[in-house]
Protein chains: 2
Amino acid sequence: MLIGELAKMAGCEVETIRYYEKEKLLTAPDRSPAGYRHYRSEHLGELNFILHCRSLGISLAEIRQLADFRADPTLACEEINQLIDRHIKSVHQQVESLRLLEQQLQVLRQRCPQASDAAHCGILQTLVQAAEGEGCACHDSERSS
Amino acid sequence: MLIGELAKMAGCEVETIRYYEKEKLLTAPDRSPAGYRHYRSEHLGELNFILHCRSLGISLAEIRQLADFRADPTLACEEINQLIDRHIKSVHQQVESLRLLEQQLQVLRQRCPQASDAAHCGILQTLVQAAEGEGCACHDSERSS
DNA sequence: CTTGACCCTATAGTAGCTTCAGGGTGTGAA
DNA sequence: TTCACACCCTGAAGCTACTATAGGGTCAAG
Ligand SMILES: [Zn+2]
Ligand SMILES: [Zn+2]
Ligand SMILES: [Zn+2]
Ligand SMILES: [Zn+2]
């Protein structure tokens, strides 16, 4: 299987595969005399493992760890669990801060209910006033709520 | 006011200020004979404007646009509103996808209720099986829900 | 006249790819 | 056979928004 076919089967870009190989996440395949990479089904498994972890937002460094645990399964379950726990925590924090952000943006958006020109844009006014240290609707709502 | 004082007043790093100047977000200040940057209160306003926008997750490219509207306020309120609307939409999408991600991670986590060794780690097993194309608890819960 | 806190520039590093430049390979058709 | 075209290769640069590092200059106090 050539790299383009592997990419199609796994649903990723050719460049991504080469990148994972360079980063030593994917074991290097055999090469044809012309230098073409030739993959087998085990490579598809490896690649899917990486892509699946990536779709869960797991970093390449963490995936490297997981792959090591996979290769040497005598220990480390506890570490795997902790890795996922840490990850859940950080995703949760991201969700919380983005939700706050969304609220702040909506408050800001309401400052300009109908469009006129920039001189009278409530959004721009709010941003400029905040820069002058006068407090802002968006971040003040955080305290008052 | 020297760069260190400005940084302290605005609550950012000195390097960040120099970076914004290089990116033409901040107007270049006068220099002392020795080459030191000397800032005035208007610079603090500019910098606070940028930092406040950044705290709302607005990109530097978008801040550049907003600063342009601020400089030439004859038009463009509608564009400002649209910029914020687009931004709210993208933040909202991020929140949604991260919430889904958190759910998936929690499903995955439950596959390993108690630690033993990696060979029996439900998390690792789930990830490996998913890579073999057998379907996974984490992403299948998406469909079943 | 030296110490230490500050300032300067230019460059490289971060994450996870994507894109580009500049070239080779392999196959089907004219 | 020779051409076109799709695919493959490498190495380097680009993306975001900074942060860090190297190597040096300035200034006030003691
Ligand atoms: Zn407006
Ligand atoms: Zn605000
Ligand atoms: Zn486990
Ligand atoms: Zn899954």
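Only heavy atoms go into these numbers, but all of them, side chains included; no hydrogens, no water, no symmetry mates. Each chain gets a letter, A, B and so on, in the order the sequences are listed, and its residues count up from 1. In this text the structure is predicted, and so the values were computed from the model without any measurement.
Distance, Glu13(A) CD to dC8(D) C1': 15 Å, rounded to whole Å. If you take CD of Glu21(A) and P of dC17(C), they are 15 Å apart, rounded to a whole angstrom. Atoms CG (Leu60(A)) and P (dC17(C)) sit 6 Å apart, rounded to a whole Å. Counting to the nearest Å, the P atom of dT16(D) and the NZ atom of Lys22(B) are 14 Å from each other. Look at CD1 on Ile17(A): it is 16 Å from C1' on dT10(D), rounded to the nearest Å. With rounding to whole Å, Ile3(B) atom CD1 is found 13 Å from dC6(C) atom P. If you take CZ of Arg31(A) and C1' of dC9(D), they are 8 Å apart, rounded to a whole angstrom. Glu15(B) has its CD atom 13 Å from the C1' atom of dA22(D), to the nearest Å.
No donor-acceptor distance shorter than 3.5 angstrom exists from the side chain of Arg111(B) to the backbone of Leu127(B), with no hydrogens or angles considered. Although no hydrogens or angles enter the test, the distance criterion places no donor-acceptor pair under 3.5 Å between the side chain of Gln106(B) and the main chain of Gln103(B). Under a 3.5 Å cut-off, the side chain of Arg54(B) and the backbone N or O of Ile58(B) do form a donor-acceptor pair. No donor-acceptor pair closer than 3.5 Å links the side chain of Gln104(B) to the backbone N or O of Leu56(A). Counting only distance, with no hydrogens or angles, the side chain of His43(B) and the backbone of Leu6(B) share no donor-acceptor pair below 3.5 Å. Looking only at distances, no side-chain donor or acceptor of Thr16(A) sits under 3.5 Å from a matching main-chain atom of Cys12(A). His52(B) contributes no side-chain N or O that, together with a main-chain N or O of Ala130(A), makes up a donor-acceptor pair within less than 3.5 Å.
Of the candidates dT19(D), dG16(C), dA17(D), dA17(D) carries the atom nearest the Ser59(B) side chain, counting heavy atoms from C-beta on. The side chain of Val14(A) has dC8(D) as its nearest neighbour among dG16(C), dA17(D), dC8(D). Nearest to the side chain of Arg37(A), among dA17(D), dC9(D), dC17(C), sits dC9(D).
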Under 3.5 Å, which protein N or O atoms sit close to an N or O of nucleotides 25-27 of chain D? Give each pair with its distance.
from	atom 1	to	atom 2	distance (Å)
dG25(D)	N2	Tyr36(B)	OH	2.8
dT26(D)	O4'	Tyr36(B)	OH	3.1

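A pairwise comparison of heavy atoms in Cys112(A) and Cys121(A) identifies SG-SG, 3.8 Å as the closest pair.
The phosphate of dG16(C) (OP1 or OP2) has no side-chain N or O of Tyr20(A) nearer than 4.0 angstrom. Put simply, Arg54(B) has a side-chain N or O that comes within less than 4.0 Å of OP1 or OP2 on dC18(D). Between dG16(C) and Thr16(A), no contact under 4.0 Å exists linking OP1 or OP2 to a side-chain N or O.
Among the heavy atoms of the strands lying under 4.0 Å from Arg18(B) is at least one base atom, whether or not backbone atoms are also near. As judged by a 4.0 angstrom heavy-atom cut-off over every strand, Glu23(A) is placed among residues making no nucleic acid contact.
A salt bridge links Arg99(B) to Glu96(B): one of the charged nitrogens lies within less than 4.0 Å of a carboxylate oxygen.
Phe49(A) CZ to Gln129(B) CD: the interatomic distance, rounded to the nearest 0.5 Å, is 12.0 Å.
Five base pairs at each end of the helix from dC1(C)-dG30(D) to dA30(C)-dT1(D) define two local axes, and these are offset by 30° (rounded to 10°).
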